[in-house]
Amino acid sequence: MPISGEMLIGATALRGTDKPIRAIEAATGQPMEPAFGGGTAADVDRACSLAWAAFDTYRETAPEARAAFLEACAQAILDIGDELITRAMAESGLPRGRLEGERGRTVGQLRLFAGEVRDGSYLSARIDPALPARAPLPRPDLRLRMIPLGPVAVFGASNFPLAFSVAGGDTASALAAGCPVVVKAHSAHPGTSELVGRAIQGAVKAAGLPEGVFSMLFGSGQVVGQGLVADPRIKAVGFTGSRSGGTALMKTAAARPEPIPVYAEMSSINPVFLLPKAMASRAAAIGKGFVGSLTLGAGQFCTNPGLVLALEGPDLDTFLASATEALGGAPAQTMLTPGILSAYQTGVSHLAGNNRVRKVASGQLATAGTQGEAALFETTAAHFMDDPALAEEVFGAASLVIRCPDVETMLRLAEGLEGQLTATIQMEEGDVEMAKKLLPVLERRVGRILVNGYPTGVELSHAMVHGGPYPSTSDGRSTSVGTMAITRFLRPVCYQDMPEALLPAALRNDNPMGLWRRVDGALGQK
Ligand SMILES: NC(=O)C1=CN([C@@H]2O[C@H](COP(=O)(O)OP(=O)(O)OC[C@H]3O[C@@H](n4cnc5c(N)ncnc54)[C@H](OP(=O)(O)O)[C@@H]3O)[C@@H](O)[C@H]2O)C=CC1
Ligand SMILES: O=C(O)CCC(=O)C(=O)O
């Protein structure tokens, strides 16, 4: 079906009447067809009203029906075929292989959550049977299950037009939890968004679900984004983007008569700690691997390794020489949007213009005005501690190496870092004592600690944490990737002395869902 430029509100497709948006072809900077009419306050109101109307029915769908719906969403995305990949390539500038992988991740995520819904352990069912004979007071019968929060507003991310966008992790986990979703499409990839949005809209219809389970609006952050977060029928927010955007949404959500949680993934510089024995045995290999991670996707990953901490000495020089050589072979890459390219160039020129920072190496020169060149800088630990601006995210393939005089300084720097999504330790057996000192500091600072890997490329699984303390996210108690992401959109309800006839299936005595439940504290399938 040709891309029409229409928003999807419940079962309908309609053209927004606010200022239109056009995708910009990332490689050429030229506007693309068609125009996408922006949503108005009335469109926000209609989408939220349908979502609210759908909530009570959708949240009570049987696990099998909800799981099958998520799987149907995945299949419908695959059924779009190559049109989805070519449109996403044009709008984002990301290469085919990356986008095909991202589509696999998107579909895998929906299927993973289908499994989670069937499994049912996310309901966290608990039963404390009544103790009528307990003295001095009897205990009532207490039963707990998790219920969904309500409609969720999801902001598509610019840098993952599939896996963190219309049907990305936030949408998949919210739908799995039983929450209708209203998406604010990212203005950088409206065509990709419409294609995916229509696939989800079709799956809602085919499953016979209420139309308000899914809507998708185009338009500005100010009108559509703020309007959604302020709407009383929206009960939670999922966001990936800039710190300024995320914190603006946190403020709006907190200022509502009924404040709501905002799960915003924002900025992270993902420190990499190069420990001495690892450097002594493989500094050159680490340099090469690091550059691979730094330049992946033009550096436009929130997990990009933007900070390296290492001890002064010849091994660090070997690392830098190897990274310099690898960067010399790294072509300049098309960046997602003119705004992101310009923010990247400003960040790089601030580093280059800082007289206490030295440029160590560059990637290949840009051959088009839409490309960003990779860059590696270095400074001393003393300068880094003096200048908080050096710890700010430069979103793109730029990184800063900190020369540390000793291990204590490295630990002090770690202690001073803001909250991060990840921290990486390159180590060998002889580094264990030092790693033991680093670990408690990193646990307090980050959501995922990796050893001898590189932070880009988050695995989809049950134990994954893609989150971290502020400002890497707005709420470090959760993750946006992996099955634990579903917990962001749930809350517990306790049923006290509720007659069996009124209890939800998850808590009935005969356990009709076959759930693993905690009965009087003990986990079992009873
Ligand atoms: N760490 C990370 O994961 C990422 C960080 N970034 C950072 O963000 C910068 C810009 O990238 P971009 O993707 O455009 O991120 P933005 O945060 O600017 O935008 C993300 C989404 O939020 C909306 N939005 C932004 N500000 C507000 C606001 N005040 N109120 C309501 N909605 C708002 C935007 O709407 P609209 O633009 O349509 O008005 C867009 O839909 C990058 O240069 C980079 O620094 C980007 C992506 C990922
Ligand atoms: O590294 C990844 O796979 C995920 C990165 C991410 O979440 C992001 O860039 O927004």
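Indexing begins at 1, ligand by ligand and atom by atom, following the structure's order. Note that the coordinates shown come from a computational prediction; the quantities given were computed from them, not determined experimentally.
Checked against a 3.5 angstrom limit, the closest N/O atoms of Gly457 and ligand 2 fall inside it. Taking any N or O of Glu265, backbone or side chain, at least one lies under 3.5 Å from an N or O belonging to ligand 2. Between Ser187 and ligand 1, an N or O atom pair is found at a separation short of 3.5 Å. For ligand 1, the polar-atom distance check against His186 finds a nitrogen or oxygen pair separated by under 3.5 Å.
The shortest contact between atom 7 (O) of ligand 2 and any protein heavy atom is with His466 NE2, 2.6 Å. Among all protein heavy atoms, the one lying closest to atom 1 (O) of ligand 2 is Thr303 OG1, 2.7 Å. If you check which protein heavy atom lies closest to atom 8 (C) of ligand 2, you get Cys302 SG, 2.6 Å.
Using a 4.0 Å cut-off between heavy atoms, Arg105 contacts ligand 2 through its side chain alone, with no backbone atom that close. At a heavy-atom distance under 4.0 Å, no atom of Gln300 approaches ligand 1. Only the side chain of Leu249 comes within 4.0 Å of ligand 1, counting heavy atoms alone; its backbone N, CA, C and O stay farther away.
One option in Phe395, Tyr344, Phe218 has a heavy atom closer to atom 44 (C) of ligand 1 than any other, and that option is Phe395. Between atom 41 (O) of ligand 1 and the options His466, Lys184, Glu392, the minimum heavy-atom separation is to Lys184. Nearest to atom 7 (C) of ligand 1 by heavy-atom distance, out of Gly219, Ser220, Ser242, Ala185, is Ser242.
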Review point. Yes or no on salt bridge (charged side-chain N to carboxylate O under 4.0 Å, His left out) for Arg233 and Asp45, after CA distance, side-chain angles and deciding distance?
Key: CA-CA 9 Å; Arg233 291 156 295 193; Asp45 179 66; 2.7 Å; yes

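Atoms of ligand 1 lying under 4.0 Å from at least one heavy atom of Glu265, given by number and element, are 3 (O). Contact atoms of ligand 1 toward Thr240: 3 (O) (distance under 4.0 Å to a heavy atom of the residue). Of all atoms in ligand 2, numbered sequentially from 1 with element shown, those under 4.0 Å from a heavy atom of Val458 are 1 (O), 2 (C), 3 (O), 4 (C).
Remark: Arg243 engages Glu418 in a salt bridge, criterion side-chain N to carboxylate O under 4.0 Å.
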